[in-house]
Amino acid sequence: IYYCLFNVYLMTFLHYIGLFALMCFCFLLSMCFVMVCRWEEERYTDGVKWKFLEHKGPVFAPAYEPLPSNIKFYYDGKPMKLSLGAEEVGTFFAKMLDHEYTTKDIFRKNFFKDWRKEMTAEEKAKITDLNKCDFGDMHEYFKAQSEARKALSKEEKQKNKEENERILQEYGFCVMDNHKERIANFRIEPPGLFRGRGDHPKMGMLKRRIRPEDIIINCSKDSQHPKPPPGTKWKEVRHDNKVTWLVSWTENIQGAIKYIMLNPSSRIKGEKDWQKYETARRLKKCVDRLRAQYRDDWKSKEMRIRQRAVALYFIDKLALRAGNEKEEGETADTVGCCSLRVEHITLHPEKDGKEYVVEFDFLGKDSIRYYNKVPVEKRVFKNLQLFMENKQPEDDLFDRLNTTILNKHLQELMDGLTAKVFRTYNASITLQQQLKELTSHNVPAKILSYNRANRAVAILCNHQRAPPKTFEKSMQNLQSKIDAKKEQLSDAKRELKSAKADAKVRRDEKSKKAVECKKKAVQRVEEQLMKLEVQATDREENKQIALGTSKLNYLDPRISVAWCKKWGIPVEKIYNKTQREKFAWAIDMADEDFEF
DNA sequence: CTAGGAACTTAGTAGTTCTAGG
DNA sequence: CCTAGAACTACTAAGTTCCTAG
């Protein structure tokens, strides 16, 4: 637009002085500019992510509110007034008292150590044993507070909602290259006690409060820079358009950098997502060649190549993650493919009537257990025996391999190929295949089978969840509904029978009609019963499986969109509002015969 | 080749909001 | 209208990948 305007001005000017030929030349020249610009707006070259970026900075966690004076902390049975800093950290613990975290030794030890750092000298001298600390009063106070919050009047709740909306409108958006975009996490993480997943050596440590002085702002030079809160300063304001983040800070538990970035609905995230699936589709074109290659490599003279080939086979067949090395003692002990240890697999020359079975049992990302018994090719089995020879259980299974080596190899096989592409590829292709096999005819049944297909992918990727707390109860409720429906059905059937008998005797129109009516009633109840039973199996099968992760991160949305278009199913049945925003690009571009 | 940093994607859970059905 | 439970959102931890320096 800018260049078009420029062009018009220029042409007017030139026309004025009558240099027609030059004008034509300039017109062509500026057309070129316009085209270059448009092209550049679509895809920047050499790592440039944006040309203009303006935002309001982060929203900080609310300041600490001291406890009212009647709420007391007791040490060794006696009330004790804590200094502000010590009190705040104490409340973090008090709030978690219901959680079983607080009973764990490591958690308590880490917490106490960090808590003492916040104490005054006197407090430090006095408070020497966590077991003598009584947070009961404080705990009750916070429980009452959250109850009170729930019990607020409608008007007050509405007021809170409006205030939140105001903050969202002010801080939740930025301008990136002529577009107003939603920011994903514009609130700074509040202080609290660190809760890792699984057996985390740092659980209970104090996650400290982030101040403006910790914050790096990233925006364009020519934008309105965000202002730090009065009386404070940012750590730094930089203008790096080779990255996508707006705000960053360093977190104190692992020393990792945290970022504020854009929402998945943004151009910058959407394009990246699209690219990811395009890479996976390129893998589809050459996967046969790659598979032939790694099967061949199982026979290699070189151990490192055999290990690489077996690992790749696992990644491809079982959708395992790459498995980077991790620093011991810094995080929970979890592994992926390349970091598997001897203790994580058991070899069974024969098991459950199958030959060459490998039993996997390890903790993966988020300490989610991966357990699987897989029959493998004889060559793979023999290779594994070889890799395990003369090793201790805690030794690396693939001692000549790591993710860097593996990814370097993959890069040579296909441009942009890395280990994680296999997960994306196998997830998406599985969905597509499963959807093709579907036969059901009505819409609800189709959606149910869509969920089945989604579930197949979730199982492949080992996306698990804790069974919902209310699962047993809600299952029981459903079961009693089913029982009631069955009862109703037999009643309806009985009534139908007697109506039939009646009709046989009477042989008049009225009784015939009654039979028809009862027949319909039976049918209706049967349908309802079926629906409930389907719901029950669906729920049961979903007990420990999380569908969301694969839907959001692994399944090319164009497959689902195409399927919806093909069968006349509204996209809303598959994707909720947020998901539709994230996948807007796919909903826009996929037609019914899209092929992954 | 190693180590560490940086940037970005993927992940499950807790809390909140919505909705169906009693 | 009320409530149980489903659905959705926010949060933030935990991965992968790429890059650089020694």
Side-chain angles (χ1 to χ4, degrees), chain A residues 47 49 61 96 99 146 149-150 157 160-161 164 168 172 184-190 192 194-198 200 202-203 207 216 218 240 242-245 248 250-251 253-264 268-269 272-273 275-276 315 320-327 330-332 334-339 363-368 402-408 410-411 416-424 427 458 461-466 468-471 473-475 477-478 481 535 538-539 542 544-554 575-579 581:
Chain A
K49 304 286 169 56
M96 295 178 76
H99 209 291
S146 87
R149 223 171 308 123
K150 268 185 231 157
K157 275 186 180 164
N160 286 342
K161 214 173 162 184
N164 267 331
L168 172 69
N185 54 325
F186 56 89
R187 284 170 206 275
I188 299 283
E189 297 172 17
F194 176 78
R195 314 142 81 134
R197 316 248 169 101
H200 199 115
K202 298 195 172 179
M203 62 168 79
K207 196 167 107 166
I216 303 175
N218 193 33
D240 181 357
K242 302 264 172 90
V243 297
T244 67
W245 54 267
S248 77
T250 302
E251 152 266 358
I253 304 286
Q254 323 268 2
I257 307 170
K258 299 253 181 169
Y259 303 94
I260 291 182
M261 291 182 188
L262 297 194
N263 198 66
I268 209 152
K269 294 287 183 189
K272 200 75 192 297
D273 209 33
Q275 252 178 42
K276 174 181 75 184
I315 285 173
L320 299 189
R321 296 188 185 81
N324 288 302
E325 294 107 303
K326 316 205 298 175
E327 218 174 324
E330 293 293 299
T331 58
T334 62
V335 297
C337 186
C338 293
S339 49
L363 297 181
K365 180 176 179 182
D366 294 311
S367 293
I368 298 291
N402 61 40
T403 53
T404 312
I405 298 171
L406 180 65
N407 280 336
K408 205 162 268 165
L410 292 174
Q411 189 59 242
L417 186 62
T418 61
K420 82 198 257 293
V421 179
F422 281 89
R423 252 166 102 81
T424 312
C461 295
N462 199 39
H463 291 141
Q464 296 190 30
R465 61 166 184 176
K469 282 190 192 72
T470 53
F471 186 85
K473 214 179 86 200
S474 82
M475 215 56 200
N477 288 349
L478 193 56
K481 264 192 200 168
Q535 200 186 344
D538 202 40
R539 203 185 291 176
N542 246 4
Q544 302 202 66
I545 297 169
L547 300 186
T549 306
S550 48
K551 203 177 195 176
L552 237 44
N553 301 302
Y554 288 103
Y575 292 136
N576 69 31
K577 186 163 156 285
T578 321
Q579 293 163 341
E581 279 165 12

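Chain A is the first sequence line, chain B the second, and so forth, proteins listed ahead of strands; every chain is numbered from 1. On a predicted model such as this, the values are computed, not experimentally measured, just so you know.
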Chemist: Below 4.5 Å, heavy atoms only, C-beta onward: do Asn542(A) and Arg465(A) meet side chain to side chain?
Modeler: yes
Chemist: Atom NE2 of His463(A) to atom P of dA14(C): distance rounded to whole Å?
Modeler: 16 Å
Chemist: Summarise protein proximity over nucleotides 16-22 of chain C in one line of letters, 5' to 3': B for base, S for sugar-phosphate only, - for none, counting protein heavy atoms closer than 4.0 Å.
Modeler: BBS----
Chemist: OP1 or OP2 of dG12(B) sitting under 4.0 Å from any side-chain N/O of Thr549(A)?
Modeler: yes
Chemist: State which of dT9(B), dA13(C), dA14(C) makes the closest approach to the side chain of Gln254(A).
Modeler: dA14(C)
Chemist: Which of the following nucleotides, dA11(B), dT9(B), dA6(B), is nearest to the side chain of Ile257(A)?
Modeler: dA6(B)
Chemist: For a quick test of reading the model, state the closest non-hydrogen atom pair linking Thr244(A) to Met261(A) and the distance between them.
Modeler: OG1-SD, 4.0 Å
Chemist: Would you classify Thr578(A) as touching base, sugar-phosphate or nothing, given that sugar-phosphate means primed atoms plus P, OP1 and OP2, and contacts are heavy atoms under 4.0 Å?
Modeler: sugar-phosphate
Chemist: Under 4.0 Å, counting only non-hydrogen atoms across every strand here, what does Thr331(A) touch: a base, just sugar-phosphate, or nothing?
Modeler: nothing
Chemist: Whole angstroms only, please: what is the CD-C1' distance between Glu251(A) and dA13(C)?
Modeler: 9 Å
Chemist: Suppose we call a contact any N or O donor and acceptor under 3.5 Å apart; does that hold for the side chain of Lys258(A) and the base of dT12(C)?
Modeler: no
Chemist: For Lys207(A) and dA13(C), is the shortest distance between a side-chain N/O and OP1 or OP2 below 4.0 Å?
Modeler: yes
Chemist: Could you state the CD1-P distance from Ile188(A) to dC11(C), rounded to the nearest angstrom?
Modeler: 12 Å
Chemist: Which class fits the ring pair Tyr259(A) and Trp245(A): parallel under 30°, tilted 30 to 60°, perpendicular over 60°?
Modeler: tilted
Chemist: Whether Lys269(A) contacts dT9(B) is assessed here as follows: a side-chain N or O lying under 4.0 Å from the phosphate OP1 or OP2. Is that the case?
Modeler: yes
Chemist: What residues form a salt bridge (charged side-chain N to carboxylate O under 4.0 Å, His left out) with Lys157(A), not counting sequence neighbours?
Modeler: none
Chemist: With the side chain of Lys365(A) defined as its heavy atoms from C-beta on, choose the nearest nucleotide among dT10(B), dC11(C), dT9(B).
Modeler: dT10(B)
Chemist: Taking salt bridge (charged side-chain N to carboxylate O under 4.0 Å, His left out) as the test, write out the residues that go with Lys551(A), two or more places apart.
Modeler: none
Chemist: Could you tell me whether the phosphate oxygens of dA14(C), OP1 or OP2, come under 4.0 Å of any side-chain nitrogen or oxygen in His200(A)?
Modeler: yes
Chemist: Is there a donor-acceptor pair under 3.5 Å between the side chain of Gln464(A) and the backbone N or O of Ala546(A)?
Modeler: no
Chemist: Would you list the protein and nucleotides 13-21 of chain B atom pairs, both N or O, that sit under 3.5 Å from each other?
Modeler:
from	atom 1	to	atom 2	distance (Å)
dT13(B)	OP2	Ala466(A)	N	3.2

Chemist: Of all residues at least two apart in sequence or in a different chain, which pass the side chain to side chain donor-acceptor pair (under 3.5 Å) check with Asn324(A)?
Modeler: Thr403(A)
Chemist: Which whole-number value in Å describes the distance from Leu552(A) CG to dA7(C) P?
Modeler: 16 Å
Chemist: Judged by each residue's nearest nucleotide on DNA chain B, which is more toward the 5′ side, Asn402(A) or Lys276(A)?
Modeler: Asn402(A)
Chemist: Tell me what Gly364(A) touches on the nucleic acid: a base, only sugar-phosphate, or nothing, going by heavy atoms under 4.0 Å.
Modeler: sugar-phosphate
Chemist: In whole Å, what is the span from the CG atom of Asn185(A) to the C1' atom of dC11(C)?
Modeler: 9 Å
Chemist: Taking atom types as modelled, find out whether Lys326(A) and Thr334(A) have a side-chain donor-acceptor pair closer than 3.5 angstrom.
Modeler: yes
Chemist: Who pairs with Glu325(A) by side chain to side chain donor-acceptor pair (under 3.5 Å), at least two apart in sequence or on another chain?
Modeler: none
Chemist: Within less than 4.0 Å of OP1 or OP2 of dA11(B), is there a side-chain N or O belonging to Tyr554(A)?
Modeler: yes
Chemist: Identify whether any heavy atom of Pro264(A) sits under 4.0 Å from a base atom; if not, whether one sits that close to sugar-phosphate; answer base, sugar-phosphate or nothing.
Modeler: nothing
Chemist: Closer to the 5' end of DNA chain C via nearest nucleotide, is it Phe194(A) or Asn576(A)?
Modeler: Asn576(A)
Chemist: Tell me every residue that passes salt bridge (charged side-chain N to carboxylate O under 4.0 Å, His left out) with Lys161(A), counting only those two or more places apart in sequence or in another chain.
Modeler: none
Chemist: Can you list the residues that meet the side chain to side chain donor-acceptor pair (under 3.5 Å) rule with Asp273(A), with sequence neighbours excluded?
Modeler: Lys276(A)
Chemist: For Asp366(A) and dC11(C), what is the distance between atoms CG and C1' respectively, to the nearest whole Å?
Modeler: 13 Å
Chemist: Gln544(A): which residues meet the side chain to side chain contact (heavy atoms under 4.5 Å, CB included) condition with it, sequence neighbours left out?
Modeler: Pro467(A)
Chemist: In chain order, what residues pass the salt bridge (charged side-chain N to carboxylate O under 4.0 Å, His left out) check against Lys150(A), with sequence neighbours excluded?
Modeler: Glu147(A)
Chemist: Using a heavy-atom cut-off of 4.0 Å across all strands, would you classify Lys408(A) as base, sugar-phosphate, or nothing?
Modeler: nothing
Chemist: Whole angstroms only, please: what is the CZ-C1' distance between Phe422(A) and dT10(B)?
Modeler: 19 Å
Chemist: May I have the distance from Asn218(A) (atom CG) to dA6(B) (atom C1'), rounded to whole angstrom?
Modeler: 13 Å
Chemist: So, is Ser367(A) close to the dA14(C) phosphate, meaning a side-chain N or O under 4.0 Å from OP1 or OP2?
Modeler: no
Chemist: Remember a base hit wins even if backbone is also touched, and classify Lys272(A) as base, sugar-phosphate or nothing at under 4.0 Å, heavy atoms.
Modeler: sugar-phosphate
Chemist: For the helix from dC1(B)-dG22(C) to dG22(B)-dC1(C), measure the angle between the helix axis at one end and the axis at the other, each built from five pairs, rounding to 10°.
Modeler: 10°
Chemist: For Tyr554(A), check ring pair (Phe, Tyr, Trp, His ring centres under 6.0 Å) against everything at least two apart and list the hits.
Modeler: His463(A)
